[in-house]
Amino acid sequence: MVTHQIIGDRRTTLSIEDLAALRENLHEQRLFRQEQLQQLAAAATNATEALPTRQTASRIEVRVKLAASARMVLADVEAALQRMDEGRYGACHLCRGPVDRELLTIVPQARYCGRCRRVREAGR
């Protein structure tokens with residue numbers, strides 16, 4: 001595993017302990033999203049057995065959107081775990097600079113440093 005260090009800058013330094021805690025958090029998120037998708041799939045199966053109503057249709061629509069969101073987050077979590085395994089975790093996808101440690105503790109699957117994230121969001 002690689003730790004990213006800029007001498008004298010604790011904001012971007014990831015210790016071995018930090019990486020272990022972030023990996024554990026990512027594993028927990030993966031389990032949560034997998035369970036969420038299973039529950040949504042089970043609920044969808046039960047809903048299709050009921051008589052179709054306007055309320056049932058709107059519930060199905062909400063479940064479809066929730067499932068899409070859960071799949072997207074799950075993919076991000078899986079990608080972050082893969083980057084950890086490959087020693088690329090914590091490096092921005094655009095500028096290759098370090099992602100702030102504080103951001104990674106909040107969003108461990110973060111792909112971009114603060115500056116690049118703001119640039120991407122401004123472009124939307």
Side-chain angles (χ1 to χ4, degrees):
M1 274 184 241
V2 174
T3 60
H4 299 280
Q5 294 182 325
I6 294 178
I7 295 175
D9 191 351
R10 177 70 182 131
R11 292 178 312 128
T12 58
T13 302
L14 290 175
S15 68
I16 292 171
E17 293 82 12
D18 291 334
L19 285 169
L22 290 165
R23 182 181 293 276
E24 184 177 334
N25 185 314
L26 288 164
H27 281 294
E28 288 173 7
Q29 283 192 52
R30 177 170 56 187
L31 283 174
F32 173 78
R33 295 303 174 179
Q34 289 169 337
E35 290 171 4
Q36 183 182 31
L37 286 167
Q38 289 172 350
Q39 291 171 357
L40 288 167
T45 301
N46 293 338
T48 57
E49 294 169 2
L51 293 175
T53 65
R54 189 173 265 186
Q55 189 177 19
T56 304
S58 59
R59 284 183 183 158
I60 291 170
E61 183 179 351
V62 167
R63 284 188 192 111
V64 166
K65 289 181 180 181
L66 283 172
S69 177
R71 279 191 297 276
M72 201 166 66
V73 173
L74 180 59
D76 286 345
V77 166
E78 295 285 355
L81 286 166
Q82 184 173 355
R83 288 192 304 277
M84 274 188 174
D85 292 343
E86 295 170 354
R88 299 181 298 115
Y89 182 77
C92 177
H93 279 274
L94 293 178
C95 72
R96 302 290 185 236
V99 177
D100 280 350
R101 180 180 173 272
E102 183 177 338
L103 176 59
L104 290 171
T105 59
I106 297 167
V107 185
Q109 66 270 26
R111 295 173 185 249
Y112 305 102
C113 67
R115 185 174 95 14
C116 290
R117 184 174 40 94
R118 286 189 293 278
V119 168
R120 283 182 51 85
E121 288 173 357
R124 288 184 185 185

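Side chains included, hydrogens not; waters and symmetry mates left out as well; all remaining heavy atoms used.
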Please round to the nearest 0.5 Å and tell me the distance separating atom [atom1] of [X] and atom [atom2] of [Y].
X	Y	atom1	atom2	answer
Q36	S69	CD	OG	7.0 Å
Q39	L66	CD	CG	11.0 Å
L81	L26	CG	CG	4.5 Å
D100	T13	CG	OG1	10.5 Å

Query - Pairing residues for R118 by the side chain to side chain contact (heavy atoms under 4.5 Å, CB included) criterion, not counting sequence neighbours - result: R115

Query - L94: partners by side chain to side chain contact (heavy atoms under 4.5 Å, CB included), with sequence neighbours left out - result: C92, Y112, C116, R120

Query raised in the report: Backbone N or O of L22 within a donor-acceptor pair of the N25 side chain at under 3.5 Å?
Result: no

Report task. With sequence neighbours excluded, tell me which residues meet salt bridge (Lys or Arg N to Asp or Glu O under 4.0 Å) with E61. Result -> K65

Requested in this report: Please list all pairs passing the salt bridge (Lys or Arg N to Asp or Glu O under 4.0 Å) test where one or both residues lie in residues 68-83, with sequence neighbours left out.
Outcome: R30-E78, D76-R111

Query - salt bridge (Lys or Arg N to Asp or Glu O under 4.0 Å) pairs, two or more places apart, involving residues 32-43 - result: none

Requested in this report: Linking directly or through intermediates, with side-chain heavy atoms under 4.5 Å: list the remaining ILVMFWY members grouped with L74, chain and number order.
Outcome: L37

Report task. Kindly give the cluster partners of L31, where membership spreads through any ILVMFWY side chain lying under 4.5 Å from a current member. Result -> none

Query - side-chain hydrogen bond (donor to acceptor under 3.5 Å, both in side chains) involving Q38 - partner list, sequence neighbours excluded - result: none

Query raised in the report: What residues form a side-chain hydrogen bond (donor to acceptor under 3.5 Å, both in side chains) with Q82, not counting sequence neighbours?
Result: E86

